[in-house]
Amino acid sequence: MEYLERDNLKRIAKWGKIVGVTSIIFSSITIIASFFGSLEGVLGGVTGIITGYLFYQTGVEASNIIASDDLTTGNVNELLSKYGNLLLIMGILMIISLVLIIPSIIILLSM
């Protein structure tokens with residue numbers, strides 16, 4: 001590999017999969033636990049599973065590039081597409097969180 005550093009791809013492959021699987025497991029536990037309490041945890045659990053899946057897919061794509069030693073634009077674009085989707089979802093979730101948190105802070109401060 002001339003243009004991409006193999007160490008960076010290995011790091012993305014390893015940690016993308018670890019973070020993805022861990023996120024999916026903990027989010028699943030959150031969903032199960034929320035059925036015994038309040039159902040607010042379901043939304044957080046579902047978003048955690050979605051982002052965990054996207055993290056995992058990013059790691060898989062990096063592994064595919066390493067395994068094939070093929071640095072064609074198709075393989076690299078697929079990795080970047082998965083990463084771009086992850087950033088988009090995380091950005092949307094951040095905006096939704098801000099929209100929900102700011103009014104709550106204003107209400108708490110006005111009491």
Side-chain angles (χ1 to χ4, degrees):
M1 293 187 185
E2 294 177 1
Y3 301 107
L4 294 177
E5 299 233 0
R6 186 177 285 275
D7 290 339
N8 290 336
L9 285 173
K10 285 181 182 178
R11 186 177 312 123
I12 292 169
K14 175 183 175 183
W15 286 104
K17 290 176 186 175
I18 290 172
V19 170
V21 169
T22 305
S23 178
I24 291 169
I25 290 170
F26 283 122
S27 297
S28 299
I29 292 169
T30 300
I31 290 173
I32 292 168
S34 67
F35 287 134
F36 298 108
S38 65
L39 293 178
E40 290 119 9
V42 173
L43 182 61
V46 169
T47 57
I49 289 173
I50 292 169
T51 55
Y53 176 75
L54 291 170
F55 271 116
Y56 183 78
Q57 286 300 311
T58 302
V60 167
E61 289 302 326
S63 292
N64 290 343
I65 293 171
I66 292 169
S68 70
D69 278 333
D70 184 11
L71 293 180
T72 60
T73 55
N75 286 342
V76 176
N77 280 338
E78 191 64 32
L79 172 64
L80 293 175
S81 173
K82 300 288 185 188
Y83 185 64
N85 288 338
L86 173 65
L87 292 177
L88 175 67
I89 297 295
M90 295 296 286
I92 290 170
L93 292 174
M94 183 179 58
I95 291 169
I96 291 170
S97 296
L98 288 173
V99 167
L100 295 175
I101 289 174
I102 291 175
S104 300
I105 292 172
I106 292 171
I107 291 171
L108 286 175
L109 292 176
S110 67
M111 296 179 129

For K82, enumerate each residue passing the salt bridge (Lys or Arg N to Asp or Glu O under 4.0 Å) test, keeping only those at least two apart in sequence or located in another chain.
E78
Nearest 0.5 Å, please: how far is CD1 in I12 from CG in D7?
11.0 Å
Sorted by chain and residue number, the side chain to side chain contact (heavy atoms under 4.5 Å, CB included) partners of L87 (sequence neighbours excluded) come out as Y83
Please identify each residue that fulfils side-chain hydrogen bond (donor to acceptor under 3.5 Å, both in side chains) with N85, with sequence neighbours left out.
none
Connected-component partners of M111 among ILVMFWY, side-chain separation under 4.5 Å:
L108
List, by chain and then residue number, the residues other than F26 in its hydrophobic cluster (Ile/Leu/Val/Met/Phe/Trp/Tyr, side-chain heavy atoms under 4.5 Å); write none if there are no others.
V21, I25, I29, Y56, V60
For L88, the hydrophobic cluster (side chain heavy atoms closer than 4.5 Å, chained through members) also holds I92, I96, L100
So, does S23 use its side chain to make a donor-acceptor pair with the main chain of G20 at under 3.5 Å?
no
Nearest non-hydrogen partners of F55 and L86, listed with the distance:
CE2-CD2, 3.4 Å
Drop me the distance from T58's OG1 to W15's CH2, to the nearest 0.5 angstrom.
15.5 Å
Would you say L54 and L43 are hydrophobically clustered, going by side-chain heavy atoms of ILVMFWY under 4.5 Å?
no
Taking only residues two or more places apart in sequence, or in another chain, which ones meet S34 in a side chain to side chain contact (heavy atoms under 4.5 Å, CB included)?
V42
Which residues pass the side chain to side chain contact (heavy atoms under 4.5 Å, CB included) test with I105, not counting sequence neighbours?
I101, L109
Just grab all the side-chain hydrogen bond (donor to acceptor under 3.5 Å, both in side chains) pairs involving residues 89-111, residues at least two apart or on different chains.
none
With side chains defined as the heavy atoms from C-beta onward, is the minimum distance between L9 and L79 less than 4.5 Å?
yes
Treating Ile, Leu, Val, Met, Phe, Trp and Tyr as nodes and any side-chain heavy-atom pair under 4.5 angstrom as an edge, say whether I49 and F35 lie in one connected cluster.
yes
Residues forming a side-chain hydrogen bond (donor to acceptor under 3.5 Å, both in side chains) with S63, sequence neighbours excluded:
K17
Kindly write out the residues that satisfy side chain to side chain contact (heavy atoms under 4.5 Å, CB included) with T30, not counting sequence neighbours, or none if the list is empty.
none
What do the steps show when you test L93 against T51 for side chain to side chain contact (heavy atoms under 4.5 Å, CB included), and what is the final call?
CA-CA 10 Å; L93 292 174; T51 55; 4.0 Å; yes
